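Heads up: the structure comes next, in structure tokens.
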Protein chains: 2
Amino acid sequence: MGVTDHRAYHHGNLRAVLLAEAERTLREHGPDGLSLRELARLTGVSHGAPRRHFADRQALLDALAATGFARLADEMCAAIEETGPDYRTRLRAAAAAFVRFAVHDGALLDLMFASKTDGHHSALPEGAVRLFSAVGDLVRQGQQAQVLPRGDPERLRLLLIATLQGIAALITSGRAHADQTDDLLDDAVELFTR
Amino acid sequence: MGVTDHRAYHHGNLRAVLLAEAERTLREHGPDGLSLRELARLTGVSHGAPRRHFADRQALLDALAATGFARLADEMCAAIEETGPDYRTRLRAAAAAFVRFAVHDGALLDLMFASKTDGHHSALPEGAVRLFSAVGDLVRQGQQAQVLPRGDPERLRLLLIATLQGIAALITSGRAHADQTDDLLDDAVELFTR
DNA sequence: ACCTGAACACCGTTCAAGT
DNA sequence: ACCTGAACACCGTTCAAGT
């Protein structure tokens with residue numbers, strides 16, 4: 001048990017360890033508390049070592065955002081699938097999963113949505129694609145079931161994501177209390193469904 | 001004309017000059033391009049001088065956010081008042097003013113909405129209070145005219161602000177093109193009014 | 001009252017050198 | 001292939017000193 005030499009720790013998984021540590025630091029100390037040097041210190045490696053895995057600080061943040069998208073996509077899909085067939089409750093479950101993520105990892109969510117995607121969409125992380133397509137499916141189902149308003153599903157998808165992110169931002173910024181989450185979600189679902 | 005000695009420039013308005021320069025830098029180079037030292041350099045003053053006016057970098061950002069709220073409140077109120085009596089067009093004008101601000105000063109808007117207000121609401125800048133009460137008035141008018149859904153106006157106000165901010169975030173982050181702004185606003189107004 | 005300039009600790013980034 | 005450690009330029013913050 002554990003006779004592998006210490007350097008095994010920094011063998012091929014330093015990248016993963018750095019990402020995990022970065023996510024924790026982000027959650028506990030916010031984005032300003034996240035520095036490459038401190039990260040290297042925490043993982044017991046020299047301050048130049050992360051360079052092998054992330055070209056610069058921005059590259060680390062991008063990778064962090066990518067893992068965040070993947071996890072959010074997982075959680076939203078799981079929330080949808082765990083729910084019964086009633087569309088309203090499915091929509092409500094998806095929205096709740098989004099806000100739950102925002103409350104638990106607000107700084108990470110900011111990072112994910114701050115990443116300028118101005119360039120070609122090829123730069124979109126896989127998790128983001130999965131997330132957006134999941135929301136797209138949800139919208140199309142709602143329109144088919146005639147519980148969501150008619151119209152371009154793409155436009156409705158954008159508006160739904162905007163609403164979810166807006167609610168999340170309200171709570172993570174402290175402009176709305178966590179108590180009001182359920183009310184906001186109820187009102188939002190009520191607004192979209194008719 | 002202009003016989004006042006050079007030091008008049010740094011006389012009592014250094015604070016205002018710093019704020020103006022900071023807003024410009026924020027608009028042109030983003031939040032990461034904004035440093036106290038660079039700011040001091042740009043205004044031709046020693047790097048320690050801003051300390052007299054802003055206790056630290058965060059204090060400068062807070063002041064910047066406060067001026068941003070004041071301007072946004074002005075612009076939204078003006079947009080509402082310039083519009084005719086039809087409620088839908090008033091709501092649409094207010095929403096458009098918000099998004100216009102977001103497109104022009106996205107980094108500043110992020111700053112305004114990122115400022116943690118966890119503490120007592122006494123810390124809310126005057127402009128923010130004015131902005132929120134303006135939106136509150138708008139919501140109450142819409143409910144009175146029976147064009148907005150019934151229910152707690154406070155909850156509806158929160159949801160409206162969330163939607164506006166979500167749309168703005170979509171555009172400033174590049175996840176939606178500026179072309180889609182009008183569509184998004186149309187859809188949002190359509191969603192809230194019935 | 002307001003500003004200067006040196007000082008300190010920290011950071012991101014680069015790069016020659018080690019293994 | 002991966003990591004170390006010195007180096008460089010930059011930053012925020014503090015503080016004695018000037019006017």
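Letters A, B, ... are given to chains in the order of the sequence lines, protein chains preceding strands, and every chain is numbered from 1. Keep in mind the model is a prediction, meaning the values are calculated, not measured. Basis for what follows: all heavy atoms, side chains included, without hydrogens, waters or symmetry-related copies.
Straight-line distance from the CD atom of B:Gln58 to the C1' atom of D:dC11: 16 Å, rounded to whole Å. Regarding A:Leu60, its CG atom lies at a distance of 14 Å from the P atom of C:dC11, rounded to whole Å. Per the geometry, CG belonging to A:Leu36 stands 15 Å off C1' belonging to D:dC3, to the nearest Å. Counting to the nearest Å, the P atom of C:dT13 and the CZ atom of A:Arg57 are 8 Å from each other.
When all heavy atoms of B:Val129 and B:Leu124 are compared, the pair lying nearest together is CG2-CB, 4.1 Å. The shortest heavy-atom contact between A:Phe101 and A:Glu75 is CD1-OE1, 3.7 Å.
Under the 6.0 Å distance and 45° angle rule, B:Arg175 counts as a cation-pi partner of A:Phe113.
Looking at the side chain of B:Glu38, the nearest of the listed nucleotides D:dT13, C:dG12, D:dC11 is D:dC11.
Proximity of B:Arg51 to the phosphate of C:dC3: no side-chain N or O atom is located under 4.0 Å from OP1 or OP2.
Within the 4.0 angstrom heavy-atom criterion, base atoms lie near A:Arg52.
Listed by first residue number, the stems of DNA chain C with at least three Watson-Crick or G-U pairs below 3.5 Å are C:4-8 with D:12-16, C:12-16 with D:4-8.
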**Study point:** Check against side-chain hydrogen bond (donor to acceptor under 3.5 Å, both in side chains), A:Arg90 and A:Thr83
**Key:** CA-CA 6 Å; A:Arg90 284 162 66 90; A:Thr83 314; over 6 Å; no
Exercise for review: Mind running side chain to side chain contact (heavy atoms under 4.5 Å, CB included) on A:Asp56 and A:Leu36 for me, showing each step along the way?
Suggested key: CA-CA 9 Å; A:Asp56 55 14; A:Leu36 286 180; 5.9 Å; no
Point to revise | Working for side-chain hydrogen bond (donor to acceptor under 3.5 Å, both in side chains), residues A:Asp137 and A:Gln141 | key: CA-CA 6 Å; A:Asp137 289 347; A:Gln141 287 173 21; 5.8 Å; no
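Each of B:Ala49 and A:Leu34 was matched to the nucleotide of DNA chain C holding its nearest heavy atom; the match closer to the 5' end belongs to B:Ala49.
The number of heavy-atom neighbours closer than 6.0 Å to CD of B:Gln144, taken from other residues, nucleotides and ligands shown, is 12 or below. Heavy-atom neighbours of A:Arg194 CZ from other residues, nucleotides or ligands within 6.0 Å: above the threshold of 12.
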Polar pairs (N or O, both sides) under 3.5 Å between protein and nucleotides 6-10 of chain C?
residue: C:dA6; atom: N6; partner: B:His47; partner atom: NE2; Å: 2.8

